[in-house]
Amino acid sequence: MKYLKPKGTKDIYLEEMAKWQNVESKIREVAKEYNMSEIRTPVFESTELFTRSVGDETDIVNKEMYTFEDRGGRSITLRPENTAGVVRAYIENGMSSAPSPVKLWYLSNVYRYEKMQKGRYREFNQFGVEILGSASYMADVEAILIPLALFKKLDILDEVTLNINSIGCTACRAKYIEKLKSFLKDNLDEMCSDCKVRFYKNPLRIIDCKQKKCKEILQNKPNITDYLCEDCSNHFEKVKETLDSLNVKYNINPDIVRGLDYYNRTVFEYVSNTLDLTVCGGGRYDTLVELCQGPKTPAVGFGLGMERLILLLDDLEKNKIQKELDIYITYLSEKEEKTAYKLATDIRAYGLSVEVDILGRSFKAQMKQADKLNAAYTIALGEDEISNNIVNIKNMQNKEESFTADLDANVIAKAVKAVNKK
RNA sequence: GUGGAUGUAGCUCACUAGGUUAGAGCGCCAGUUUGUGGCACUGGAGGUAGUGGGUUCGAACCCCAUCUUCCACCCCA
């Protein structure tokens, strides 16, 4: 075991790959149902894109980016999140002139230099959506609904909780921060060292500090929802009303503050009820496109952690994939080997999954193998079958439902497909 | 980045007053007399005990370093 995968990375293979593909296929279904189009952007972008958009006071930018200089002396960073790259692509390719709203989805890997824990990797995958061009609360609602549609398909609707909040616009947030600061000012000495720093750099983050003393002090803090300006307040009310009308259950949690600077108004997250994990986080970002030198464009989006979602599914045993094989062709001796292989190849051309032994196993071992691979049917080829030009197609689950067919790929494929449909 | 754990076959784990060729279950490969799987039985492959040093006549077991993974913070998907 000389070479190990880099810290914080993961190999995905065999059964786990099947689980991923299952989730991915559900994601594609949802994407189609919501009429979104897929976007793929580069794994790396110029460093400045992230420092500008994510915010240079955030932890992501301060200590978690994989940044390096390329051979041309450019500062490059492996994307720590996807929104910035999508927004860059939106502007660069003039997508603002496409019919609004532009609804983009992606499934891509992102990179953060973090200390490992379960559900926390240095390379991980996010399913995400960005809805660009709508300032309406309806867009917020749609962004909230999309993960829900996926959870429903995965049968974990009751296993996650939706938390929402509004952090207002720059104007009302600034007012709130003043209130919060004056509330905390007197007790600042008793707070943890992190919070003392946050007090000056990013006061909102104090809200979700987990230190006991800080929590105590925060008990009677002012809530941002009480300080929203009229527009922001109305917007938030409309979001809630619409969610209610759709029977979407949610908690209003005035303590959720996202770790990226570009959010405003609605922020939301989906949290596992059983594991201590945030599976999905998102919100509105009306100023980001402009900040990245694009046309003024309101937008909302979210990112959903694939590794965490799959971790949750595994924990709930909701993602068990039974691998299936349509036909296993066995042969009695080396004499029938070539006929068997040709038959397999021919049947495969009809879209069925077919396996033949390529290890030189005995007939009996081939049968065992067919069983292990969970083959629906087996076909045994021997001298008799070849001379009579007829084969027995054995149903591996129920011997009584076995049947015969001509030794012909077309006939066999049609017969198996017909039986499968029943 | 801070604090605390962990590491023995592909997987889940045994073996400690430090002492001959490190074990089990599952998995993998094969066989149980020659044309039919799932059970059972038998056999086989597979580990320089994460890696590198040190202590010792002798280390998987003791010490140090390092890496990995995990837990609590931090943060977040």
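This is a predicted model, so every value here is computed, not measured. Just so we're on the same page: letters track the sequence lines, and every chain starts at 1.
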Short side-chain N/O contact from [X] to OP1 or OP2 of [N], under 4.0 Å:
X: A:Lys372; N: B:C29; answer: yes
X: A:Lys7; N: B:U68; answer: yes
X: A:Gln369; N: B:G37; answer: no
X: A:Thr58; N: B:C75; answer: no
X: A:Arg361; N: B:C29; answer: yes

So does [X] reach the base of [N] with its side chain, donor to acceptor, closer than 3.5 Å?
X: A:Lys115; N: B:U2; result: yes
X: A:Arg308; N: B:C76; result: yes
X: A:Arg120; N: B:C74; result: yes
X: A:Gln397; N: B:G37; result: no

Is there a donor in the side chain of A:Asn374 and an acceptor in the side chain of A:Lys372, or the other way round, less than 3.5 Å apart?
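No - no donor-acceptor pair under 3.5 Å links their side chains.
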
Distance-only polar pair, side chains of A:Glu355 and A:Tyr328, donor-acceptor under 3.5 Å
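No, because no side-chain N or O of A:Glu355 sits under 3.5 Å from a partner of the opposite role on A:Tyr328.
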
For A:Glu57, does the CD atom sit with more than 12 other heavy atoms under 6.0 Å from it, leaving out its own atoms?
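Counting other residues, nucleotides and ligands, CD of A:Glu57 exceeds 12 neighbours.
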
Given [options], which nucleotide is nearest the side-chain atoms of [X]?
X: A:Arg205; options: B:A77, B:C76, B:U36; value: B:C76
X: A:Lys63; options: B:C74, B:C29, B:U32; value: B:C74
X: A:Met396; options: B:G35, B:G37, B:A77; value: B:G37
X: A:Phe363; options: B:U69, B:C75, B:U36; value: B:U36

Quick one: A:Gln366 CD to B:G31 C1', roughly how many Å, whole number?
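Computing the A:Gln366:CD to B:G31:C1' distance gives 16 Å.
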
Expressed in whole Å, how much space separates the C1' atoms belonging to B:G19 and B:U12?
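To the nearest whole Å, 29 Å.
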
Quick check on side chain to side chain contact (heavy atoms under 4.5 Å, CB included): which of A:Thr242, A:Thr266, A:Val300 does A:Tyr137 satisfy it with?
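Exactly one candidate clears the test, A:Thr242.
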
Name the residue closer to the 5' end of RNA chain B, choosing between A:Tyr113 and A:Ala375 according to the nucleotide with the nearest heavy atom.
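Residue closer to the 5' terminus by nearest nucleotide: A:Tyr113.
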
